[in-house]
Amino acid sequence: MFEHVLSVMIFLPLAAGVLLLLLPVSRNGVRVIGLALSVIVLVCGLKVYVDFSGGGGLEFVEKKTWIDALGIHYHVGVDGISLFVLMAAAVLFPMVFMLFTAKSRAYYCNMLIALGAMVGAVVAADLVLFYVFWEIMLLPIFFMIGLWGGEKRIAATIKITIYTISGSLLMLAALVYLAVSYQAQTGVWSFEIAKMAVLDLHGGFALLAFVGMMAAFAIKIPLFPFHTWLPDAYSEAPTSTTFILSAIMAKIGVYGVIRLVVPVFEAEMARYAVIFAYLGVIGLMYCGIAAIGQRDFKRMLAYSSASHMGIIALGVFCMNVQALTGTLFQIVAHATSTGILFLFAGILEERGNSRQIEDFGGVAYSAPIFATFFAVAMLASCGLPGTSGFIGEFLIILGAVKYNMLVGILAAATLVIGVCYMLWMFQRVFFEKPTGKTAAFKDLSAYETLVFLPVIVLILVMGIYPQPFIAKIEPAAQKHIIQMITTGEPALAESTAVELPYITITD
Amino acid sequence: MTDFLLLLPLLIVGAGAISLMLLAAFENVEKEIAGYGGMAVFLLAFVVQLAGLTAGDTYVFADIFNSMMVSNTFTQVVGLIITACGFFTCMSSTTYFRQNHFCKLEYYALTAFAACGMLLLTMAQELITAFIALEILSLAIYVLVGLHRTNVRATEALLKYLMLGAFAGGFYAMGGALIYGGANSTHFAVIGGVIAAGGFFDQPLLAVGSLLILIALLFKVAAFPFHAWVVDVYDGAALPVTGFMATALKAAVFAFFANFLMLDHGLQASWVEYLFWIAVFTMFAGNLIAIGQNSLKRMLAASGIVHSGYLLVALVAFTSRDFSDSVLLYYLAAYAVATLGMFCALSYLSGEGEKRQNFDDFKGLAKVRPYSAAAITVFLLSMAGLPPTVGFMGKLYIIINAIHAEQTMLAALAIVSSVVSMWYYLRLVITMYFYEAQDDFITESSPFAPLCTLILVVCVFAFALLPLGV
Amino acid sequence: MENSVSYLVLIPLMPLIGAVVIGLLHMFTCRKGALPEKYYSFLALIGPVLSTLLAFKAFFHLGSMDEQARVLTQQAFTWISVGELHVSMGFLADPLSVLMLLFVTFIGTIIHVYSIGYMAGEENYGKFFSYLNLFLGSMLILVLADGPLVMFVGWEGVGLCSYLLISFYSKERDNVLAGNKAFIVNRVGDMGFILGLSLLFWAIGTDGFDYLSLRDNAHNLTPAVGLAVCLLLFVGATGKSAQIPLYVWLPDAMAGPTPVSALIHAATMVTAGVYMVARFSFIYVQFPAAGAVVAWVGILTALLAAIFGMFQKDIKKILAYSTISQLGYMFAAVGVAAYSAGIFHVFTHAFFKALLFLGAGSVIYALHHQQDIWKMGGLKSKMPITYWTMLIGCLALAGCPLFSGFFSKDEILYLALAAGHPGIWLVGVVVAAMTAYYTFRMFFLVFHGDARDEESFAHAQEPPRVMTVPLIVLAVGAALAGYLNLPGIFGGDMEVSHWLSPSLVEHHGEGGHSLELLAVAASIVAFAIGIFIAYKKFGDGAVEPEYSGFSSFAYNLFHVDRLYHALLVRPYKGLGVSIRKRLDPYGADLHVKLTVVLYRSLGRIFRFLQAGYVRVYAIYMVVGLSLISLFFSQTLN
Amino acid sequence: MIADYLVLSIVLFCIGILGVVSRRNVFTVFMSIELMLNAANLAFLAFSRLHETMDGHVLAMMVMAVAAAEAALALAVVILLHKHKGNLDSNAFSLLKG
Amino acid sequence: MAAEFLFYVFALLAVAGALGLILAKHPMNGAISLVMTMIALSGLYALLSAKLIFVLQLIVYAGAIMSLILFIIMFLNIRKEDLPEERGRWLYYLGGTVLLTPVALLLIRAVKTLPGVETTIVGGGFGGVKEVGLLLFSKWLLPFEIVSILLLVALVGAVVLAGHRRSDS
């Protein structure tokens, strides 16, 4: 079984999700099965995590021919880059089944499909396979928002779907362009992601492909100014969907950049990464400032998530090992912190019957456990040392300072911006005098406390003792960066770099 | 004897058509019996075709028919698609005609005749044979379109189709004449030889003749600006007929289109520039028409234009016959599966007299008939080209083929077009799922349409896993 | 490493464990009826006491070592190791950190004791001690950290606790806003700090990002980067230590319980900036320009805060401004490279300011949360212990000769003069006079004269012993701490400075005896003038004057807060709101909206083209044919 | 001269097209299409004469057959249309549009 | 010389008939004009030595098909007021001509490249019934066969569309 562990992780939930949709199983039955399956995925994930040797290459590889004529394979594997995204998915999904009583059994089925697809997208080592899972990922999201979302769910669904599909289709063209270029340059058809790194790309179409691919990821992440789908979708989606969207799907966008753009488009990256780095920091500030203007706390968290995604993405474009490791670390850190903040927001919404910040107050008095957990997640999201959020943010800022001082300064602004809206929101919701809605606010039950506790503990452990996690990431990041620098910098030297404000620190 | 075997599917369909026609002469035959007959004919032809797949070109009865018909993997696979389309059309028709009472017994005979014409068209290696085959299938389909005589919409569709079809036929005849004048033959092989020997642009008769023939073919595949009829005709025709037209007809015409365009490489190369723009405009015109539609059938018709555009992309970006043919066939099959499924599902969901026609009529379908809605969703996803459906693989191959042929711009535009197409495909999904039901969606029960839908849903996924055979 | 020991980590860990245990206990029990306070009190004291003991152990351990080799380290575990970056969760006990360690644990413990009395009967008693323990743990991490990054953990940790404790009475919006303000302003500083760290790392940190390695590599710093690092780190310090321009949070921070103000906002946390600069003495000393900036910012802050302090009427606000002012002195000291003097002032200040706050706490406690000095008066008779201890504190703060504040402050002013900064010295002397003035203004108004508010006066009484004993202990410290570092002129030999010297890199100018005498004299004169004016005006009862003109301006803090609000906070929030209302829907989303409009209108056009007339369709065909023919005839040979 | 025949054929062909695009009377339109086919036939025969092969004759016969078949259907349609609307205006049939 | 003269006469008649077809308001007049064109064409066929087609054109086209058309026109009894109002059709003629000019020019350019072969009558049975028939049944067997299917379809179609059946509801 364990030689096919990745396939099990992909197809078990995927198949179960589809089957359960068709079979007349009761809602609770589906929930229990879903929980069991997500726990199995988690166990598999842990097994992978433990057995992962961290050598920088793909492990747990499975490769089977699919379309021989074009060199398309069913090819999956895990390396340090995918491991953490994979783990984020594996760890967080069981919570959905544990915590949320959905309105319909189909909701759980969709969740399972989303789980399978997300795992698939992360472990895919073949361009076509990646794309397939990448798109499948969106389908359950589409239905979950559209069927079970808030009042303006349809508009939100249309927006997220069309927006992200537009990006993905552009990526499809880029993927094919890569494979065809590979065929043209080597004479052999292949869609294997790792092989694309050898491509020598230049010219207008290479740039177009780069742009197309970046468009897909920039929308998914989302980078400013492609973020406008996000507040609508995040706030209208059912809480657990938002949780999945922000905690995992957005991260897969970043993962995609690391996996597909950085090693392949070295020259383009070297030349244009600075633009995206600026987009990252602009988004970080713009969305961070936008967050403070929100009245709806789910929207506020949505903007906060977008703001953090800005800095996470920034880490990729700085192209040094600290920033990249920071990004990968932050992927998990942010998944746990902002992810469960969304879950908490869901609890607030459910128990307070409102999403308006002004309707709340004094929740901390009636729900101390809830408030404490919320505070821990919030502080992690603000990047307080001792929580997981700090490690990643620091590494990214460190990398950014090396890359470009101005970018570094702007990135460091996250320290201030993040804390502004979070404290404001915490003050209005948890402190001050209780309102009618919150006077009898129910605290977390023992069960809920137990479910959340591991994540809270994880947040702290990852902040206090991050090295074991970093050790799994770093070799792969190192490998990526070395590859990037050795092939990217000569290309940059030949070209005239884009003139943008650039302060070097090695005067 | 092998020649006979190669011809057998065509003969089965032809003979079946004639038998069905004779059957229609008996007044007291049940319509359903004819339907079963039609299904049997197509199934048999399909099985025989499948069993007789061969590699390499064979001129069927080369002596007797003077090498006017060829049978190779390409034509055989197109044959498979056509017979399968016929089979599923018969299947959904039986359901459809339980709720709509204008069926005539000749319906199935005409379907078979049309399929006969299509098979001939794909195998034709000579212009006038192709012309006659084209007319056979056109005439049969004209009649199928106008089958509901008392319905003024059907008659209008018939008028538009017949008039413009005959008009296009005039172009074909003139084009054939000019090519005959230029090459002193209407055989593809000879024409190809003449073009190869003398150059395309240096032989104006051939060039202009091929222009006129292309116009006729572009009309048949509904390429811009020869597309306008398709929306109205699909709208006016009965649902199963529309499905048949959209799939089998398109497959046959595209197969012939490919054969004609490929009769010499110079011919194709000379037309690439024009076909490029036509393909682009076709994709976008189709999309933009579809966006504004409220009627489902019209939307599907317009989306058919878009898919013609994608198929034209495959024709423009011809890398090698093997590869591009496979891509073309795969896409045709992919498109056929989804479209047939769609029309099949609509055949029984639209109810009596096709009373559910517009998007709004399908509001909340998923709440009442979840399986039907799911099936329609699957077909829509396939048409939209989203994984893991066969439509996605088809589109993937088209794009691979296009970029491989260094038509990267065209591939990019095809992608942009499919972005636009999401709008209207998703609109139906949204309508079905995200609104409350206002209709009970009660329909006459019939085992065939659901069965047919189910098979096609399975096909949508199963074909996606099939590797592309080059 | 031979200097490696294994108990350093325990020093911060003890209070941290205490914090977690108390916090969990409180969290899970508070709604079902809180546990008796004595459990919490007991638990809360374990950590600080153990830490104090361990601190002494470290102190004696160091003392037993050779003077130049007084370094103890402990690498608990590898914290972050990425590429060139290797950071251990490491702790370092050298003379500097041990000195800090000693008074932090000591004063921390005392204030814990005091709080047991002060917080008795409060809601969320357990939470308070959890936070307090957490604070102590964080502060100890800050102090003991072996490198800047670990220090940052403590740095931010104390910031967090500061926030939590300021907004401890969280039902009142103003308290929470004060907490928010503290955290956010601190974060602005932290932003500078982290940027400074990053620059420092890329400049010289790649061979090891701990103080010892950095110190070895400090000579590799280029001037530009070095200056930038110094200034950025100092930005961090201005945040934490409430210097211009980030001082605004500290007065508001008085919203927290008074022991908190004593511990965090007077004795320990706010001095972290000074400690940090002293820690980086090996860098600052290379860049006198940066030092000058630090010194001037410091002394100007001292001046500004002193001005504010003279016109405040809230007893805690006065103390807060005095704290800012004293912190200004400390920065002036470290700015002129007199690190040991700065640290020594930190040390003495910790005693007397903690004492003053606790004394003020006693007063407030006695008067049932009355904080307006104009509503106090004549408490001398009612609260003798408080009165006498406060007097010691005030004398120390005002710089009365023979009290601790005098020695440390005088040392700073002298060294500033000696280092060639007469301006700083001059301002310092003026500020010293002002300090004496506002300190005794407060003192006289509170304890002398007649009671201005009879009702609360009637109920006032000496607080319980658990509160008075800490006062006495601190008073002893405040009075005598100065003798630990007696300069030569008073017959001492600078014990503390010598103790600190292995940790610091300083070379201050030698001013000679006459200069030193001049400085001492000036300080004494300044003290005398200040206290004289105060006595004249308030010595024997006074009525609250009308605030007008400059006094009103100063009472309103030069409107700096309002200015900040108008220039920074309001635009920031306004931008947020306008993004929600306008920028996002109509600006950033414009491309989406335009696309939709474009599609819709094109769709409408194409629908219109589907005219429905068969002849029109035929015309389209002919148009197509015609166009193709037109182009085709161009290519035909 | 053969070219003259072909020019005539083209002229007739174009007149046929013109008839289709300019007339609303269904009958006239169908007859215009017949005219186009006739023009094609003329071209077939002219080329046949040019090449002195008789293939063109056979082709022309085929076209005639097609024309006849189309005519049969066209007339059936005309009758249907007349039944529906009582007139033969192609513009009268514009239910399907947009 | 005579052939040339005849060509021009027939050509003139054919064009005149064609123009008559598209210009005539009533389809009856148009049909008559078309008959004239067809007869003129048959004359041209004869000039092109296409003996069999000459006959077929007269019998099948001018005779059978056109008779049928005329019959239907009369059968439907189309009166003047049934005819569509086509007031703006001159505009369409004009526009159509403009559109068709490039098409016609292109086509004419193409045929102008042909060698100037005189259209003398070819002897030796060229275009005779026997010769064409032999060709039809040997070389062109397949098209001939499938034309039968075409006609069958047309037959069935006409019946389905125009015939009276019980299933019409």
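Remember, it's a predicted structure, so these values are computed and weren't measured experimentally. Note on naming: letters A, B, ... go to the chains in the order of the sequence lines (proteins, then strands), and numbering restarts at 1 for each one.
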Visitor: With a cut-off of 6.0 Å (strictly less than), are more than 12 heavy atoms of other residues, nucleotides or ligands near OH of A/Tyr74?
Guide: yes
Visitor: Counting only heavy atoms closer than 4.5 Å, note whether B/Phe392 contacts chain A via side chain, backbone, both or neither.
Guide: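 Contact with chain A involves the side chain of B/Phe392 alone.
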Visitor: Sort A/Phe191 into side chain, backbone, both or neither according to what part of it lies under 4.5 angstrom from a heavy atom of chain B.
Guide: side chain
Visitor: If I measure from the heavy atoms of chain A, does B/Met393 come under 4.5 Å with its side chain, its backbone, both, or neither?
Guide: side chain
Visitor: Of the backbone (N, CA, C, O) and the side chain (C-beta and beyond), which part of A/Val176 lies under 4.5 Å from a heavy atom of chain B, both, or neither?
Guide: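 For A/Val176, the contact with chain B is made by backbone and side chain together.
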Visitor: Would you check if A/Tyr163 and B/Val419 make a side-chain contact, meaning some heavy-atom pair closer than 4.5 Å?
Guide: no
Visitor: Among A/Trp134, A/Tyr131, A/Phe133, which has the most heavy-atom pairs under 4.5 Å with chain B?
Guide: A/Tyr131
Visitor: To the nearest 0.5 angstrom, please state how far the CG atom of B/Leu386 sits from the OG atom of A/Ser168.
Guide: 8.5 Å
Visitor: Under 4.5 Å between any side-chain heavy atoms of B/Ile430 and A/Ile154, yes or no?
Guide: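 In short, these two side chains touch, coming nearer than 4.5 Å.
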Visitor: Measure B/Ala414 against the heavy atoms of chain A and call it side chain, backbone, both or neither at under 4.5 Å.
Guide: neither
Visitor: Look only at the side chain of A/Tyr177 and the backbone of B/Ile400, and say whether a donor-acceptor pair between them is shorter than 3.5 Å.
Guide: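 Between the backbone of B/Ile400 and the side chain of A/Tyr177 there is no qualifying donor-acceptor contact (under 3.5 Å).
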Visitor: Taking CD in B/Glu406 as the centre, count heavy atoms belonging to other residues, nucleotides or ligands within less than 6.0 Å. Is the count above 12?
Guide: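 Not buried by this count: 12 neighbours or fewer within 6.0 Å.
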Visitor: Find out whether A/Trp189 and B/His404 are in side-chain contact, i.e. whether some heavy atom of one side chain is under 4.5 Å from a heavy atom of the other.
Guide: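 A side-chain contact under 4.5 Å exists here.
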Visitor: Side-chain contact, heavy-atom cut-off 4.5 Å: A/Leu169 with B/Met422?
Guide: yes
Visitor: For B/Phe276, does the CZ atom sit with more than 12 other heavy atoms under 6.0 Å from it, leaving out its own atoms?
Guide: yes
Visitor: If you count heavy atoms of other groups shown closer than 6.0 angstrom to NZ of A/Lys63, is the number above 12?
Guide: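 Count over threshold, so yes.
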Visitor: As an exercise, state the distance from CG of A/Leu172 to OG of B/Ser418, rounded to the nearest 0.5 Å.
Guide: 7.5 Å
Visitor: Which one wins on heavy-atom pair count under 4.5 Å against chain B: A/Ile136, A/Leu208, A/Thr157?
Guide: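 Winner by heavy-atom pair count: A/Ile136.
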Visitor: Any residues in residues 137-148 of chain A near chain B, with a heavy-atom distance under 4.5 Å, and which are they?
Guide: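 If one takes a 4.5 Å heavy-atom cut-off, the residues of residues 137-148 of chain A near chain B are A/Leu139, A/Phe142, A/Phe143, A/Gly146, A/Leu147.
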Visitor: In the structure I gave you, are the side-chain heavy atoms of B/Tyr397 and A/Leu70 within less than 4.5 Å of one another anywhere?
Guide: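 Side-chain contact under 4.5 Å: yes.
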Visitor: Of the backbone (N, CA, C, O) and the side chain (C-beta and beyond), which part of B/Ile399 lies under 4.5 Å from a heavy atom of chain A, both, or neither?
Guide: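 Both backbone and side chain.
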Visitor: When rounded to the nearest 0.5 angstrom, what is the spacing between CZ in B/Phe434 and CD1 in A/Ile158?
Guide: 8.5 Å
